[in-house]
Amino acid sequence: MLVGNPPRPYFLDIDTGSDLMWIQCDAPCTSCAKGAHPLYKPRNVNMIPPKNPYCVEVQENLKSKYCDNCHQCDYEIEYADRSSSVGVLAKDELQLVLANGTGTKPSVVFGCAYDQQGTLLNTLASTDGILGLSRAPISLPSQLASHGLINNVIGHCLRTDTNGGYLFLGNDFVPQWRMSWVPMLNNPFPNLYQAQLMKMNYGGKELRLGSTSYGQGTVVFDSGSTYTYFTDQAYKALISMLEEISSEDLIKDASDTTLPICWRAKFPVRSIEEVRQFFKPLNLQFGSKWRIVSTKLWIPAEGFLTISEKGNVCLGILDGSNVHDGSAIILGDISLRGQLFVYDNVNQKIGWIRSNCERPEKVPSLPFS
């Protein structure tokens with residue numbers, strides 16, 4: 001993203017599971033990774049005062065809140081993996097290109113981050129910060145919608161074969177047909193993108209969801225999470241089903257610590273295609289208030305397996321007992337690849353469609369619309 005005047009480039013991780021956009025910042029910096037670009041340098045005029053509504057929002061859960069003699073707004077974020085970012089709120093110009101090709105430079109509020117801790121520091125080697133895309137008022141889409149620049153709609157498409165893909169804000173690139181849509185839930189996590197799960201199958205066998213009300217579960221769509229997390233009961237059920245695949249061709253390799261479960265093949269695995277016959281797809285069945293037929297999300301083997309540096313195949317689904325309150329299935333970016341996902345905050349719905357994720361196409365307006 002291009003921030004400031006004159007504009008400077010910054011690479012940000014797209015994260016539908018967090019609220020605040022932040023950039024590593026020379027404020028001065030206490031603990032910053034050597035990111036892709038030089039640190040953002042704020043000026044006093046960029047600082048957000050403590051009485052600002054966005055400051056009240058980010059400090060809602062902080063122990064230390066507003067103080068009369070403070071000239072800045074402090075924030076602190078802790079992520080699911082216990083890594084954290086501390087900084088102050090700033091405001092500056094963001095250079096954006098609209099769907100019609102014209103440019104715009106709205107002033108947006110973001111985090112000027114000067115103290116990062118935990119595994120976050122490793123990922124910041126190739127990026128400069130995080131782009132929070134949640135439903136919170138301070139998220140970038142919510143701010144742009146409040147300026148009247150976009151409808152509050154987000155779309156992302158992550159390619160399966162490379163790190164390519166695209167992100168768009170607003171509804172100009174949302175396909176008008178063949179999308180699968182489910183209602184967006186407002187609870188139990190008000191700022192997250194979540195939908196009601198009726199049941200989940202691995203192949204033809206149902207995985208008990210556990211820790212849910214009335215036998216139904218919650219799925220959170222979280223592009224900021226590298227891996228997918230299951231509830232304790234669903235995870236244990238999946239692991240017991242995967243015990244069946246141990247054969248001469250695929251053997252568990254405890255020496256590979258890339259992830260909790262890895263298998264060694266007779267040959268170094270270069271792509272999931274080479275071992276996909278040993279695995280079955282996941283099928284998630286969502287409830288819908290619009291029709292009796294439920295909506296399904298099909299996740300192939302590529303959506304939950306990864307290849308380690310040793311050439312082993314590893315399971316990219318982890319035990320989510322300690323993530324959030326342990327009651328939700330969290331689909332991380334490993335399971336969101338190969339499909340365009342759309343989060344429509346205007347109509348309160350989440351949709352998806354299979355895609356090669358090469359480039360977004362502007363939706364032509366229908367003659368009768």
Side-chain angles (χ1 to χ4, degrees), residues 13 17 80-81 119 122-123 156-165 197 200-207 209 219-285 296-321 323 328-341 352 354-357:
D13 275 321
D81 64 0
T119 55
N122 303 331
T123 61
H156 65 66
C157 206
L158 309 171
R159 292 183 63 170
T160 49
D161 52 345
T162 68
N163 290 329
L197 183 66
M200 179 166 62
N201 287 356
Y202 173 70
K205 295 182 179 175
E206 187 170 345
L207 296 168
L209 302 175
V219 170
V220 173
F221 298 80
D222 184 0
S223 68
S225 174
T226 304
Y227 301 111
T228 285
Y229 293 86
F230 277 8
T231 58
D232 177 59
Q233 199 165 348
Y235 181 72
K236 285 175 177 166
L238 177 65
I239 298 306
S240 73
M241 289 178 192
L242 291 174
E243 294 291 342
E244 298 170 13
I245 68 163
S246 291
S247 66
E248 291 179 10
D249 297 304
L250 222 53
I251 300 164
K252 269 194 188 173
D253 185 358
S255 70
D256 192 339
T257 56
T258 306
L259 283 164
I261 298 177
C262 294
W263 294 271
R264 184 177 70 251
K266 286 182 174 176
F267 50 89
V269 180
R270 287 163 303 183
S271 85
I272 302 301
E273 293 282 331
E274 297 171 335
V275 292
R276 68 180 302 173
Q277 75 266 26
F278 299 107
F279 299 89
K280 301 178 179 75
L282 281 167
N283 262 301
L284 280 66
Q285 189 171 313
K296 291 182 180 177
L297 172 60
W298 181 75
I299 300 175
E302 301 92 297
F304 56 85
L305 298 174
T306 185
I307 300 167
S308 74
E309 288 183 4
K310 279 189 164 189
N312 288 340
V313 59
C314 300
L315 180 65
I317 297 174
L318 305 175
D319 183 355
S321 301
V323 182
I329 305 280
I330 295 160
L331 295 183
D333 76 2
I334 190 172
S335 300
L336 300 176
R337 294 173 180 270
Q339 310 211 54
L340 167 61
F341 281 88
W352 55 84
R354 293 209 71 75
S355 171
N356 61 13
C357 298

task = Evaluate side-chain contact (heavy atoms from CB on, under 4.5 Å) for Arg276 paired with Leu305, printing each intermediate quantity in order.
result = CA-CA 9 Å; Arg276 68 180 302 173; Leu305 298 174; over 6 Å; no

query = Is there a side-chain contact (heavy atoms from CB on, under 4.5 Å) between Ile299 and Thr228 once you walk through the steps?
reply = CA-CA 11 Å; Ile299 300 175; Thr228 285; over 6 Å; no

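- Between Trp352 and Phe341, the two ring planes are tilted [angle within 30° to 60°].
- Legend: residues meeting ring pair (Phe, Tyr, Trp, His ring centres under 6.0 Å) with Phe230, ordered by chain and number and at least two apart, are absent.
- Going from atom CD1 of Ile334 over to atom CZ of Phe304 covers 9.0 Å, rounded to the nearest 0.5 Å.
- The aromatic rings of Phe279 and Trp263 stand perpendicular to each other, their planes meeting at an angle above 60°, with 30° marking the opposite boundary.
- Here the shortest heavy-atom pairing between Gly303 and Ser335 reads O-OG, 2.6 Å.
- Remark: Lys310 pairs with no residue by the salt bridge (Lys or Arg N to Asp or Glu O under 4.0 Å) rule, at least two apart or across chains.
- Interatomic distance, Met200 CE to Leu238 CG, rounded to the nearest 0.5 Å: 7.5 Å.
- Between Ile239 and Leu315, the closest side-chain pair of non-hydrogen atoms falls below 4.5 Å.
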task = Begin from the C-alpha positions of Leu282 and Ile317 and carry the test side-chain contact (heavy atoms from CB on, under 4.5 Å) through to its verdict.
result = CA-CA 11 Å; Leu282 281 167; Ile317 297 174; 3.7 Å; yes

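- Between Ala237 and Ser240, the closest heavy-atom pair is O-OG, 2.9 Å.
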message = Show, in sequence, the C-alpha distance, side-chain angles and deciding distance for Leu297 and Gln339, and conclude whether the side-chain contact (heavy atoms from CB on, under 4.5 Å) test is met.
response = CA-CA 10 Å; Leu297 172 60; Gln339 310 211 54; 3.2 Å; yes

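- A distance of 13.0 Å separates NZ of Lys252 from CG of Asn312, quoted to the nearest 0.5 Å.
- A donor-acceptor pair under 3.5 Å is absent between the side-chain atoms of Tyr235 and the main chain of Tyr229, judged by distance alone.
- Within the model, atoms CG of Leu242 and NZ of Lys280 stand 8.5 Å from one another, a figure rounded to the nearest 0.5 Å.
- Between the side chain of Thr231 and the backbone N or O of Leu209, at least one donor-acceptor pair lies under 3.5 Å.
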